[in-house]
Amino acid sequence: RPACGTMRSPRWLAGRAAAFVHAEVYMRILRSLRVGGQFVYAPGLPFLERMLPRAQYTCTRVELAAHPAVRAAQGSPIAERPSAVARRASASHASPSAASTSAKTPTPRTGASTAAASAGGRAVRRLDHKPPTPGNTLNLSIDIKLQALVERLFGERRGALVAIDPRNGEVLAFVSKPTFDPNLFVDGIDSESWKELNESIDKPLLNRALRGTYPPGSTFKPLMAMAALNSGKRAPGTVIMDNLTYSFGGRTFGSPETDRPGPKDMRLAIVSSSNVYFYSLANEMGVDLIHDQLEPFGFGRKTGIDLEGEVTGVLPSTEWKRRTYKRPEQKKWYPGETVSLGIGQGYNNFTMTQLATAMATLSTGGQRFQPRLVREVEDLVSHEKRIVSSDALPPLPLKPQDVALVLDAMAGVAQAGTSSRVFAGATYTSGGKTGTAQAVTMRGNEKYSASRVAEHQRDHSLYIAFAPRENP
């Protein structure tokens, strides 16, 4: 990013000294990365640097010579090439979760080196050197092995994943794919690279975990069930006859061809992902009751994660529609619009951070935390470390028997439902819920076929989960 400053370098580095690391030194750095959130950035692991909010943190440059893996390579001009660690920029831009900077703490400054090069492009001597001044060190809750694993499994697919420890709100993995190389911005990105990033159909500049909003599809059904139980609108033993279609207001709402008809209570409706059961439930509850029951889970508002740029998503209500639309006929909420909310469609649009936060709340029986990436702040001068705990929010008044029913049904999904094949043979038990949501609207009686739709217009696939089942 431009905030990282510019490093003057000989022409043979093409102005990219910040991205150049000798292979042997680079591998030593990777091998020395610590598990458990110690945050060190090196080329090849761009996901770490991307997670820092632009307004609050800057990519302060530090010399590779300060790293133990590089001290062993002293004597080579490569040893003076820079890498970066995560540092807080200054007290004036501090996150609420970060410790106040001491008056003795120097303001972080970017370092720079100028070297003379031979005609063959080899650095022969250093002409000038201004050492960098780092800020406080931020140790993150990110599990670097888990983060790297998820990034590798995603490959070049578009998507996002957020993993949260429900016991304290710490974020363990935070992935948005595809990503981009942040070194492109160090010296100011060229127009060709910027155009490629900005106009790409894959939108690599979009942080899908924080700013991407998507209809949750059937992952919404367990939360709908929880809302029904908590409000007393439907008992768990109430049986609904699922004939695969639901008619309301002259319109017929359908089900996937793979669904099976028959009588279904709440548990079976979640395990089998019955559309009809949740169409009728949404119609009985109404849009405002759904909103009031599920907003406390973190939908339709910011979760408070310690990153800038989070969006609120949409958890609709009659008041939301009146505020959002301008024409009188658009401001009115029509009863038919409520039906599709029950299966996570309609106006519902949430971020992956919101879905993960809601799952964490449900899995703990109503205990809520603001999600956090920063675990610890280490003062540059005193080296004192301050633990940054997640803010505990007032717990939701959920009945233990209601929570147990919903979580048991989600465990049934992993054992005998739509995700059973994935977890076959797993050494632990888990619960979850699959979801599919339309990315584009189909015409009339047109049937969806992935093979006939452009790849970027295919249905969204989602999954929410908790593990282990006994103690998430």
Side-chain angles (χ1 to χ4, degrees), residues 166 213-236 238 240 248 266 269-270 277-305 310-325 330-351 353-371 391-407 409-410 433 435 437 464:
T213 58
Y214 310 93
S218 293
T219 63
F220 198 54
K221 291 174 180 177
L223 293 153
M224 280 290 299
M226 193 69 248
L229 293 171
N230 201 46
S231 63
K233 270 294 182 178
R234 183 172 287 183
T238 299
I240 301 296
F248 181 80
M266 184 173 288
I270 295 174
Y277 184 95
F278 289 98
Y279 286 144
S280 64
L281 177 58
N283 195 28
E284 289 177 19
M285 293 184 65
V287 60
D288 287 332
L289 181 58
I290 295 173
H291 173 276
D292 294 345
Q293 285 291 319
L294 294 182
E295 186 190 36
F297 281 86
F299 296 121
R301 63 185 185 188
K302 295 181 180 180
T303 64
I305 190 172
E310 184 181 16
V311 296
T312 60
V314 176
L315 179 65
S317 66
T318 54
E319 175 60 27
W320 166 82
K321 201 176 184 191
R322 281 194 294 267
R323 293 195 318 264
T324 303
Y325 292 94
Q330 291 178 316
K331 290 176 176 289
K332 181 181 178 181
W333 184 271
Y334 297 93
E337 296 176 310
T338 307
V339 176
S340 57
L341 298 181
I343 64 166
Q345 298 274 12
Y347 292 107
N348 286 325
N349 264 284
F350 311 135
T351 68
T353 301
Q354 289 173 326
L355 279 170
T357 301
M359 186 67 257
T361 298
L362 180 59
S363 70
T364 57
Q367 180 61 61
R368 298 185 297 167
F369 293 94
Q370 285 188 339
D391 294 333
L393 303 174
L396 300 184
L398 307 179
K399 297 177 181 178
Q401 64 269 28
D402 293 341
V403 173
L405 185 144
V406 175
L407 295 184
M410 295 182 72
K433 185 68 189 77
I464 59 173

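Any value given below was found using the heavy atoms of this structure, including those in side chains, with hydrogens, waters and symmetry copies removed. In this chain, numbering begins with 1 at the start of the sequence shown.
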Tell me, please, which residues at least two apart from [X] pass side chain to side chain contact (heavy atoms under 4.5 Å, CB included).
X: K302; answer: E310, T312
X: D391; answer: Q370, R372
X: T213; answer: V311, N349, T351
X: P236; answer: L229, L405

How long is the straight-line distance from [atom2] of [Y] back to [atom1] of [X], given to the nearest 0.5 Å?
X: T361; Y: L393; atom1: OG1; atom2: CG; answer: 8.0 Å
X: L294; Y: F220; atom1: CG; atom2: CZ; answer: 4.5 Å
X: N230; Y: L398; atom1: CG; atom2: CG; answer: 5.5 Å
X: I290; Y: L281; atom1: CD1; atom2: CG; answer: 7.0 Å

Non-hydrogen side-chain atoms of [X] and [Y] separated by less than 4.5 Å:
X: F299; Y: L355; result: yes
X: F278; Y: I240; result: no
X: N348; Y: V314; result: no
X: W320; Y: Y347; result: yes

Any pair with a residue in [range] that passes salt bridge (Lys or Arg N to Asp or Glu O under 4.0 Å), sequence neighbours left out, goes on the list, sorted by first then second residue, please.
range: residues 354-364; value: none
range: residues 224-236; value: R234-E284
range: residues 393-405; value: none

TODO: Report the residues that fulfil salt bridge (charged side-chain N to carboxylate O under 4.0 Å, His left out) with E337, sequence neighbours left out, ordered by chain and then residue number.
DONE: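 Checked E337 against salt bridge (charged side-chain N to carboxylate O under 4.0 Å, His left out); matches are K321.
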TODO: Verify whether one side chain among W333 and S317 offers a donor that lies under 3.5 Å from an acceptor in the other.
DONE: no
TODO: Go through the structure and list residues passing ring pair (Phe, Tyr, Trp, His ring centres under 6.0 Å) with Y214, not counting sequence neighbours.
DONE: H460
Open item on the list: Can you list everything that forms a ring pair (Phe, Tyr, Trp, His ring centres under 6.0 Å) with F369? Sequence neighbours excluded, please.
Closed with: none
- [ ] Check whether more than 12 heavy atoms from other residues, nucleotides or ligands sit under 6.0 Å from atom NZ of K331, and answer yes or no.
- [x] yes
Task: Residues which pass side-chain hydrogen bond (donor to acceptor under 3.5 Å, both in side chains) with S218, listed by chain and number, not counting sequence neighbours - done: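 Partners of S218 by the side-chain hydrogen bond (donor to acceptor under 3.5 Å, both in side chains) criterion, ordered by chain and then number, come out as K221, S273.
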Task: Set of residues satisfying side-chain hydrogen bond (donor to acceptor under 3.5 Å, both in side chains) with respect to R301, sequence neighbours excluded - done: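 Testing R301 for side-chain hydrogen bond (donor to acceptor under 3.5 Å, both in side chains), a comparison that skips the adjacent residues, returns none.
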TODO: Would you confirm whether R368, through its side chain, and F297, through its main-chain N or O, come within 3.5 Å as a donor-acceptor pair?
DONE: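 Between the backbone of F297 and the side chain of R368 there is no qualifying donor-acceptor contact (under 3.5 Å).
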